[in-house]
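No experiment lies behind these values; they were computed from the predicted model shown.
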Amino acid sequence: MTAPIALVTGGAVGIGRAIAIAVAERGGLLFNIDPDEEQNLETGRLVEQAGGRCVSFAENAGDAHAVKQIFAEIAGQVDRLDLLANNAAIWNDTSLTGGDYDSQTEAFERALQSCTTAAFCCTMAALPLLEQSSNANIINLNTEHMDEDRALTHIAAASGYDCAKFGLSRLTKSWARELAPKNIRVNELCFGAVDTPMLRAVNQQIAEAGMKAEDIAAAVFHIIDQGPEGITGAACSFGYSGSSRQESLRQIAALAH
C-alpha cells in the first residue's frame with residue numbers, strides 16, 4: 001500500500017505505540033489520541049526515528065466533544081484515513097465490593113468511556129475520511145476474554161474491562177455489516193497476554209511471558225495487507241495466554257493469508 005494515514009487511540013505506550021511505529025516504518029502519517037502528554041512526546045520521537053510523522057492530541061478518546069474537534073483539525077490536514085485502530089482501554093477495579101457507590105460507578109463509567117465509547121466516537125468522526133480511502137480498515141483491539149472459557153468472570157474487579165471489551169466486539173460485528181457497502185472493513189483482534197505497561201501493573205510475571213506489543217502491530221498490518229477484498233466482521237483470535245510466543249507468532253503469520 002502507499003504510505004498509510006492512520007489514527008490510533010491510546011498510542012502513548014504499549015500496543016498503541018507499537019502500531020504507531022509500524023505505521024512509521026511504512027513511511028506513514030500517524031495521528032494519536034491519548035491523554036498522556038509526556039509519553040505522547042516519546043511516541044512522536046520514535047515515530048520520527050522510524051521514518052514517519054506523528055501528530056498527537058492529549059485528550060480522552062471517549063470525550064465526544066474533544067473527538068469532534070480533533071477530527072475537524074485532522075480533516076484540515078489530510079483527505080483520507082486508511083486505518084482507525086481503536087486500541088484505548090483501561091483496567092480498573094469495577095467490583096461491586098471494591099469501594100463505595102461513588103467510586104465504583106465512576107470506575108465503571110471510565111472503563112466504558114475509555115474503550116467502547118471511545119471507539120464509537122472515533123469511528124463516527126472518522127467515517128468521512130475512511131470513505132475516501134481505497135483500503136479503509138477499522139481494527140478494534142480486543143482480548144482473549146471474548147472466548148467464554150477465558151472470560152474473567154472469576155475476577156470481580158475485571159467486570160468493567162470485560163464489559164467494555166464485549167461491547168467493542170458487538171460493535172465490530174455491527175459495523176462490519178453496516179459499512180460493507182462503503183468498502184470499509186471492520187475486524188477485531190482477540191489475543192492473550194502482551195507485555196505492556198498496563199499488564200505489568202497488574203501481573204508482571206504474566207506480562208513477561210506474553211507476546212510483545214510489536215507482535216500485535218504485525219497482526220494489524222497482516223489484516224490491512226489483505227486489501228479491499230480481505231476479511232471483514234472477523235474476530236481474529238491468536239496468542240492465548242499460556243501459548244509460547246513462537247506459537248503465537250505462527251498464528252499471527254497465518255493472518256496474512
Side-chain angles (χ1 to χ4, degrees), residues 1 3-63 66-67 70-71 73-75 77-78 80-90 113-127 129-130 133 135-143 164-165 168 171-172 175 184-189 191 194 196-198 212-225:
M1 65 184 299
I5 302 174
L7 184 139
V8 61
T9 63
V13 296
I15 293 169
R17 176 180 283 176
I19 295 170
I21 293 171
V23 170
E25 289 171 344
R26 290 159 177 79
L29 169 60
L30 186 284
F31 295 100
N32 164 44
I33 304 176
D34 193 298
D36 191 334
E37 192 164 4
E38 182 178 349
Q39 291 300 323
N40 284 346
L41 290 174
E42 178 63 8
T43 292
R45 186 187 71 80
L46 292 170
V47 164
E48 291 182 8
Q49 182 177 292
R53 291 189 295 138
C54 181
V55 179
S56 288
F57 301 91
E59 299 285 355
N60 182 344
D63 181 332
V67 168
I70 287 168
F71 274 89
E73 185 172 336
I74 291 172
Q77 299 181 43
V78 298
R80 74 176 202 278
L81 191 66
D82 303 308
L83 168 65
L84 170 62
N86 288 313
N87 167 68
I90 61 170
Q113 184 190 50
S114 70
C115 177
T116 321
T117 302
F120 185 89
C121 291
C122 289
T123 302
M124 186 75 216
L127 199 55
L129 289 172
L130 287 165
S133 173
N135 185 22
N137 283 268
I138 299 169
I139 298 183
N140 295 328
L141 284 298
N142 215 314
T143 170
K165 290 295 190 177
L168 186 64
L171 290 176
T172 300
W175 290 344
I184 299 172
R185 295 195 293 133
V186 188
N187 294 286
E188 64 179 346
L189 303 183
F191 47 85
V194 180
T196 65
M198 184 174 75
K212 304 302 180 186
E214 57 265 31
D215 302 340
I216 310 305
V220 167
F221 273 91
H222 284 331
I223 298 296
I224 293 171
D225 290 343

Compute whether any side-chain donor of one residue and acceptor of the other, for [X] and [Y], lie under 3.5 angstrom apart.
{"X": "Asp34", "Y": "Gln39", "value": "no"}
{"X": "Asn87", "Y": "Thr9", "value": "no"}
{"X": "Thr43", "Y": "Arg17", "value": "yes"}
{"X": "Asn40", "Y": "Asn32", "value": "yes"}

Under a 4.5 Å cut-off applied to non-hydrogen side-chain atoms, are [X] and [Y] in contact?
{"X": "Leu171", "Y": "Glu188", "result": "no"}
{"X": "Val23", "Y": "Val47", "result": "no"}
{"X": "Val55", "Y": "Leu30", "result": "no"}
{"X": "Phe71", "Y": "Leu7", "result": "yes"}
{"X": "Phe57", "Y": "Ile74", "result": "yes"}
{"X": "Asn187", "Y": "Asn140", "result": "no"}

N/O donor-acceptor pair under 3.5 Å between [X] side chain and [Y] backbone:
{"X": "Asn135", "Y": "Ile224", "answer": "yes"}
{"X": "Asp36", "Y": "Ala12", "answer": "no"}
{"X": "Arg45", "Y": "Leu41", "answer": "no"}
{"X": "Asn142", "Y": "Lys165", "answer": "yes"}
{"X": "Asp225", "Y": "His222", "answer": "no"}
{"X": "Ser133", "Y": "Arg80", "answer": "no"}

Verdict with reasoning, Ile70 to Glu59, per side chain to side chain contact (heavy atoms under 4.5 Å, CB included): CA-CA 9 Å; Ile70 287 168; Glu59 299 285 355; 3.9 Å; yes
When you look at CD of Glu42, are more than 12 heavy atoms from neighbouring residues, nucleotides or ligands closer to it than 6.0 Å?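 Atom CD in Glu42 is crowded, with more than 12 foreign heavy atoms closer than 6.0 Å.
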Looking at Gln77, I want to see if its CD is surrounded by more than 12 non-hydrogen atoms of other residues, nucleotides or ligands under 6.0 Å.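 Yes, enclosed.
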Point-to-point distance, once rounded to the nearest 0.5 Å, from CG of Leu130 to CD1 of Ile138: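 One gets 5.0 Å once the value is rounded to the nearest 0.5 Å.
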Nearest 0.5 Å, what's the CD-CG distance between Gln113 and Asp63?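 It is 6.5 Å, given to the nearest 0.5 Å.
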For Arg53, all residues meeting salt bridge (charged side-chain N to carboxylate O under 4.0 Å, His left out), sequence neighbours excluded: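 In terms of salt bridge (charged side-chain N to carboxylate O under 4.0 Å, His left out), with neighbours along the sequence ignored, Arg53 is linked to no residue.
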Show me the side-chain donor-acceptor pairs of residues 119-127 shorter than 3.5 Å, one per line, residues at least two apart or across chains.
| from | atom 1 | to | atom 2 | distance (Å) |
| --- | --- | --- | --- | --- |
| Thr123 | OG1 | Asn86 | ND2 | 3.3 |
| Thr123 | OG1 | Ala119 | O | 2.7 |

Between Ile139 and Leu83, is the side chain to side chain contact (heavy atoms under 4.5 Å, CB included) condition met? List the steps. CA-CA 7 Å; Ile139 298 183; Leu83 168 65; 4.1 Å; yes
